[in-house]
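Got a structure for you, questions after.
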Amino acid sequence: MSTLLGDTAGPDLDLLKAVNGLAGSAPSWVDSTVAWLGEYGLLLGLGLLFAVGWLQARRRPDAPVAVAGLLWAPLAVALCELANLPISAIVDRPRPFVDHPELDVLVHGKEGTLSFVSDHSAMAMGIAVALYLVNRRLGLVAGVLAVLQGLARMYVGVHYPTDVLGGFALAAAVVLLLAPLAMAVLVPLTHALGRTALRPLLVASPRRTGRRRIERDLAA
C-alpha cells in the first residue's frame, strides 16, 4: 500500500541514522537504558511531574482553576491518541526499519504497527504543554523530557524525526486549541467538586501553624 510520506530517503532518514547510529558504538547498558527510558521511563517521569504539579496547584489561591488546568493534561493526551488513529491510518507509514533494515532496532514488537505520528512523543508533549499552562517551571522541565522522549524513539530506531515532530505538533494543537473549551467545562466542575467530600483533592487544607498565626493576629 502506498503511503503519503513514502519511503524517506532525504534529511529525515539522514537524521534518523545519525541518532540511531549512536547505538552502534554505545555500550549495551546505555542502549538498554535508553530503550527503557524511551518506552516507559520518561513517561513515568512526566507522570511524576504531573503529581508534583497537582500538589502545588492545591496550595494556590486559585486552586480549583489550577487543578482544572492539570485535569486537562490527561484528557488532552487521550484526545491526541484518538486523533492519531485516523491520522496514522491515512498516512499509513511503516516503521523505518521496515524499509531500512540496516537500522539498529532496540525495541521489538513494533512490527506491523505504523510510524506516523509517534504516540510516545504526542503523549509526552501533550503533558508538557498542558503542564506549562498551569506551572511554567514544571512545564519547561516536562518540555525537556518530551524532547528527550522524541530523541529516544529515534535512538531505538522505531520513528523518523518527522514522526516525532508530527507527534509534538499534534499534541500542541490539541492542548492549545481546545484548552478554552476544556477549561470552560473543567473550572465549574472543580468548583462544584470543591464543595463535596472530594475537596481535599482540589484544595489543600491550611496548615495548623498558619491557623494559629491568624488566631494570634486576630487576638492582638
Side-chain angles (χ1 to χ4, degrees), residues 5 8 10-56 70 73-74 76-78 80-81 84 88 93-132 134-172 174-175:
L5 293 180
T8 307
D12 203 20
L13 178 60
D14 293 339
L15 181 56
L16 170 60
K17 287 186 173 182
V19 176
N20 178 250
L22 299 174
S25 57
S28 59
W29 67 267
V30 172
D31 290 347
S32 59
T33 299
V34 175
W36 182 83
L37 288 172
E39 196 74 6
Y40 310 106
L42 289 169
L43 291 179
L44 290 174
L46 287 164
L48 180 60
L49 285 178
F50 176 85
V52 172
W54 170 69
L55 291 174
Q56 294 182 357
L70 284 175
V77 167
C80 286
E81 294 303 296
N84 190 30
S88 181
R93 188 186 208 185
R95 296 283 183 173
F97 55 79
V98 173
D99 296 313
H100 304 283
E102 70 275 14
L103 292 172
D104 192 358
V105 182
L106 304 181
V107 176
H108 302 286
K110 304 296 182 181
E111 299 81 1
T113 61
L114 297 175
S115 189
F116 187 90
V117 298
S118 168
D119 283 331
H120 282 72
S121 300
M123 288 189 289
M125 187 57 71
I127 295 174
V129 175
L131 192 56
Y132 182 82
V134 180
N135 187 316
R136 291 190 175 183
R137 182 174 299 177
L138 291 179
L140 289 174
V141 176
V144 172
L145 293 184
V147 172
L148 292 176
Q149 176 73 80
L151 290 173
R153 302 308 283 172
M154 290 187 288
Y155 185 96
V156 300
V158 297
H159 280 295
Y160 291 101
T162 47
D163 298 335
V164 172
L165 294 176
F168 290 167
L170 174 62
V174 169
V175 173

How far does CG of Leu170 sit from OG of Ser88, to the nearest 0.5 angstrom?
11.0 Å

Could you check whether any side-chain N or O of His159 sits under 3.5 Å from a backbone N or O of Ser115, counting only pairs where one atom can act as donor and the other as acceptor?
yes

Here the pair of heavy atoms bringing Ser118 nearest to Arg153 is OG-CG, 4.2 Å

Strictly distance-based, threshold 3.5 Å: is any side-chain N or O of Asp12 a donor or acceptor partner for the main-chain N or O of Thr162?
yes

Supply the atom-to-atom distance Leu49 CG to Arg137 CZ, rounded to the nearest 0.5 angstrom.
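It comes to 12.5 Å.
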
Where is the tightest heavy-atom contact between Gly45 and Leu145, given as atom of each residue plus distance?
C-CD1, 4.2 Å

CD (Glu39) and CG (Leu44) are apart, to the nearest 0.5 Å, by 11.0 Å

What heavy-atom pair brings Ala128 and Gly143 nearest, and what distance separates the two atoms?
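For Ala128 versus Gly143, the nearest heavy atoms are CB-N, 3.6 Å.
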
How long is the straight-line distance from CG of Leu106 back to CH2 of Trp36, given to the nearest 0.5 Å?
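These two atoms lie 15.5 Å from each other.
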
Of Leu46, Leu43, Leu42, which meets side-chain contact (heavy atoms from CB on, under 4.5 Å) against Met123?
Leu43

Taking C-beta and beyond as the side chain, do Gln56 and Leu138 meet within less than 4.5 Å on heavy atoms?
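Yes, close enough: below the 4.5 Å cut-off.
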
Minimum side-chain heavy-atom gap His108-Phe97 below 4.5 Å:
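Answer no - side chains too far apart.
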
Compare every heavy atom of Pro74 with every heavy atom of Phe50, then report the nearest pair and how far apart it is.
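Between these two residues, the closest heavy atoms are CE1-CD, 3.9 Å.
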
With rounding to the nearest 0.5 Å, note down the distance linking CG in Asn20 to OH in Tyr160.
11.5 Å

Pick out which of Val30, Asp31, Leu37 makes a side-chain contact (heavy atoms from CB on, under 4.5 Å) with Thr33.
Leu37

Between Leu70 and Leu131, is there a side-chain heavy-atom distance shorter than 4.5 Å?
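They are in contact (side-chain heavy atoms under 4.5 Å apart), so the answer is yes.
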
So, Asp163 side chain and Val117 main chain: donor-acceptor pair closer than 3.5 Å or not?
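Pair absent, no side-chain N/O of Asp163 close to backbone of Val117.
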
Check: Glu111 side chain, Gly109 main-chain N or O, donor-acceptor pair, under 3.5 Å
yes

Between Gly157 and Leu103, what is the shortest heavy-atom contact and its length?
O-CD1, 4.5 Å

If you round to the nearest 0.5 Å, how far is CD1 of Ile127 from CD of Gln149?
9.5 Å

Where the side chain of Arg93 meets the backbone of Leu114, is there a donor-acceptor pair that is under 3.5 Å apart?
no

Give me the atom names and distance for the closest heavy-atom approach of Ala171 to Gly126.
CB-N, 3.4 Å

